[in-house]
Structures are given as structure tokens and as C-alpha cells.
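What follows is a short report on a single structure.
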Number of protein chains: 2
Amino acid sequence: MTEEKIHVAIVEDEDEIRELMQQIIDRSPGFACKHVYKDCESALESIKSALPDVVLMDIQLPGMSGIEGIEKMKPELPDTDFIMLTIRDEEDIVFRSLCAGATGYLLKDTPPVKLLASIREVREGGSPMSPGIARKIAISFQPSKDNPLSEREKEVLTWLANGENYSTISTKLFISGNTVRAHIKSIYRKLQVNSRAQAVITAIKQKLI
Amino acid sequence: MTEEKIHVAIVEDEDEIRELMQQIIDRSPGFACKHVYKDCESALESIKSALPDVVLMDIQLPGMSGIEGIEKMKPELPDTDFIMLTIRDEEDIVFRSLCAGATGYLLKDTPPVKLLASIREVREGGSPMSPGIARKIAISFQPSKDNPLSEREKEVLTWLANGENYSTISTKLFISGNTVRAHIKSIYRKLQVNSRAQAVITAIKQKLI
DNA sequence: AATAAAATGCCCCATTTGGGTAATTGCCTG
DNA sequence: CAGGCAATTACCCAAATGGGGCATTTTATT
């Protein structure tokens, strides 16, 4: 049967927290925590041979940040899941962590029972997230509510974003190329840009299309 | 004290499932489920006056899909949380639901206890997701592993995506405008596009930058 | 009814872009 | 060591783009 323990590694600079977490995890049935590190630099030296199933990674670390750490460790440990542990849930840190390869994101005040459940969950193909963080991520997909562009302009911009040129767009919308140009000028003015690429990028960043 | 019940509405076409869910929820302490609908059309008629805290929304519905339904209901019920219920976890359906305004996404095989916990969680500002779905979302932030572009090309593309033109990019990279053009041509060839806007969009979609 | 915003259309002109082609250098791999 | 690829530079030319201005009609919105 599947009586394998989940091997957990910890990267955390504060001695007390690190040792406490190690004890909690290592003493829990089904878990083992034999490798802990106080910074990413020392983790990178030997974590490859430790071959953990899950790494609990602090973000605020002396020297290399936890985000950079994941970027460096992930290629070495492609089958390891990384769970970020952090005190605050700053928006850009969350997204940068996900981009770096984290598949879990928990606040440090997560109670031990929930922490262990999260480690199990990430191993079973999930992505444990503290509630407020999960909500931020979900909301990040929603389009902007106050979109300065008119319906027609959004339509034109969508075609722009597909790489179509004036004449093609004019054909698709049954209007003249000059009108397309007029709309595009209006879009540029509203988004304060002066090229197609900028318009498209700005629209995506602001979730206008 | 906060002895308010959470008011839950259900949109689900299958009678058995709908009635079973209603009973489970309505009979649980702290929950009320007095409004259920068999399709979005009928829900849209009266859900505004029902003013639910949470809507459990089936995706596969006769007539209007659950995704369209959310798009229409959300503006009417800005403070209501929508949880999608679905049988399968198809990637594009997940993301379209989130774009439409869903803040929870559960598989229909979610056990009742977990369903109730999820309803509570979404009310407390979370975003309950079935494990596999949460993982899909987390991974969607990670950059592509097999990026056909060279380092230099990525660099150029990143500047392109910022809306810079040839000469500006050449200044920033300390190379000639002709070289920038050469890189861009190479990028276009690899991404099979023929304009800046297309290149930028393609790169974003394929998570190359 | 008045006003504003959006949608439609057109012109001129300078700048930018994209396609084609060619060559040199340096690095890495088989 | 040879071939391949990345990075670099260069030139010609046609097409597309962006800035400026202007005018009419339709559609809200007050």
C-alpha cells in the first residue's frame, strides 16, 4: 500500500519558526522533515540530493528571496511542489511566486492541522491557497469594471489584438478603413499610447479586453 | 452576534440533484436555501429579489449556460458570490468562468461537508476550488518551459511588448537598429507572425515573456 | 430641446515597419 | 574540426502606421 511518507524540506531563516515547523511535520504520521535550510543559498547546495516531495519556502529571506530561490530550484527538482509561506498577502508577490513555479501559497498563521492538510493536498495534485489569496487570484481573471472604451472601440481593439490591419478590420466590421483609423486614434487617446502594440498590452494589463 | 444564515440559491437543471442539494443546505445550521431554479432564464427573472449571498451555478444547462448566466446576474447582484458546479474540469471552462465573475469552482462530486465549508469560505472572502482546478489555475501563471526564442530575442520581445520602437530598443540594448530588426524578423519567423502586435499577443498567450 | 459622446467618413504626409538578401563573428556540439 | 546556430551589422523598397485636421450622422443623456 501507499505507506510512503511525504518528504518535506523547509527554507526559513528564523530559527524558532523553522525548528517548530520541522518538529510538527516530522512528528506527524505520514510526514518526514529531515532537511531544513536557513536561506536559499545553502538550500541550493544540497537540496537536489535531499530530493524532497514538498518544499515550504519562506519569501522574506536574507540574501536570495524565496521567489528567486524557487526559480533556481525548480529546474533541479521538477517533481517537487513548492509552497510559499508568507506573513502578508501582497498582490504582486503572490503572482510573482506563481510565475516562479509555486503551487501553494499559505500565510504563516496557518494552523498546523491546515498546514499538514495543505502539504497532502499539494502532493495529490492540488494547489492549497489561503482564502484571501485564492480570492485575489480568482479576481485577477475578471475584466475591468470601469472600461473607458466604447463598445465599438473594444471591438476594434480586439481585432487589433489579433494582429489584423486597418483594411481587414474595416472589412470585418463593415465600415471604412478611415473609420477604423478614427476608432484607433480614439483608443490611443483614451489609453494614452501611440502604437498598436502598446494599446494591446495596456488593454491586457488593465483587463479591458 | 453573527447569527445570520447564509442564503444560498441554486441553478441546476437536474431535479434530483437540485432538490437533494437544497435539502442538504437548507437543513444545515447556519444555511438557508429557499430559492432554486432549473435554468438561468428563470433565475434571471426573480433572483434579484431573492438577493442570495451565494449562488451555486451549474455550468451545463439547457438554454443559457452557467457562464453566460453569471455574466448577466453579476451586475444585478454585485455582492453575491458565485460558485460554479461542474462534472468535469475542462481548462477553458474554468478560465471562462473566472472571467465571468465566479469566485469558486467545485466538482459535483464534492462531498456535502466540503460543499458547506466552501460556501462558508466564499462568504469569508475566499475562493474555494477543487484541488485539480486550483492547480490548473496556479500553473497557468508559469512561463512556458520550451521557449523557442533565444535570450536576446526574449529581451527584444519584452521591449517590443512595452511599445518601444526599433531605435529606442537599439539604444537600450547597445546594438544597431538593424540588429534589432534582425532579431524581430527572427522572432516573427519563430512565432509565425508578421507584426508587432501579433508577436506580443502570441508571446503572452504562449507565456513566453 | 440641448448637449455630449460615439460612430462614421475623408485627406495629407512623415515615420515606422516588414520582407528580402547578404555577410561577419563567435560559440557549441557532434 | 566542421557544420549549425546565435548575434551582429547593413541596404533597398513597398506597405502600413500614426499625427494632424475636418465634417456628418446617430445615439444617448440630461
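Residue numbering restarts at 1 for every chain, and letters A, B, ... go by the order of the sequence lines.
Residues of residues 184-201 of chain A having a heavy atom closer than 4.0 Å to DNA chain D, listed by number: Lys185(A), Tyr188(A), Asn194(A), Ser195(A), Arg196(A).
One can place CG of Asn165(A) at 15 Å from C1' of dT16(C), the figure rounded to the nearest angstrom. The separation between Arg181(A) atom CZ and dC10(C) atom P is 13 Å, rounded to whole Å. The CG-P distance, from Leu173(A) to dA7(C), rounds to 11 Å in whole Å.
Residues Asp58(A) and Leu61(A) form a side-chain contact, since some pair of their non-hydrogen atoms from C-beta on lies under 4.5 Å apart. Annotation: side chain of Phe82(A) is not in contact with side chain of Pro52(A) (no heavy-atom distance under 4.5 Å). The side-chain heavy atoms of Leu85(A) and Met21(A), taken from C-beta on, include a pair separated by under 4.5 Å. Contact of the Leu107(A) side chain with the Arg88(A) side chain is not registered, since no non-hydrogen atoms from C-beta on lie closer than 4.5 Å. Proximity of Thr179(B) to Phe174(B): side-chain heavy atoms (C-beta onward) are nowhere separated by under 4.5 Å.
Closest-nucleotide positions on DNA chain D for Pro148(B) and Val180(B) were compared, and the one nearer the 5' end corresponds to Pro148(B). Nearest-nucleotide positions on DNA chain D for Ser150(B) and Gly177(B) put Ser150(B) closer to the 5' end.
OP1 or OP2 of dT8(C) sits under 4.0 Å from a side-chain N or O of Arg152(A). OP1 and OP2 of dT15(C) both lie 4.0 Å or more from every side-chain N or O belonging to Tyr166(B). Close to dC10(C), at under 4.0 Å from its OP1 or OP2, lies a side-chain N or O of Asn178(A).
Reading DNA chain D from its 5' end, the first and the last nucleotide to sit under 4.0 Å from a heavy atom of chain B are dA6(D) to dC12(D).
The existence of a salt bridge linking Lys38(A) and Asp13(A) is excluded, since no basic side-chain nitrogen approaches an acidic carboxylate oxygen closer than 4.0 Å. Using a cutoff of 4.0 Å between basic side-chain nitrogens and carboxylate oxygens, Arg96(B) and Glu71(B) are not scored as salt-bridged.
Within a 6.0 Å radius of NZ in Lys205(A), no more than 12 heavy atoms belonging to other residues, nucleotides or ligands are found. Within a 6.0 Å radius of NZ in Lys207(B), other residues, nucleotides and ligands contribute more than 12 heavy atoms.
If you check every strand for non-hydrogen atoms under 4.0 Å, Thr179(A) touches a base.
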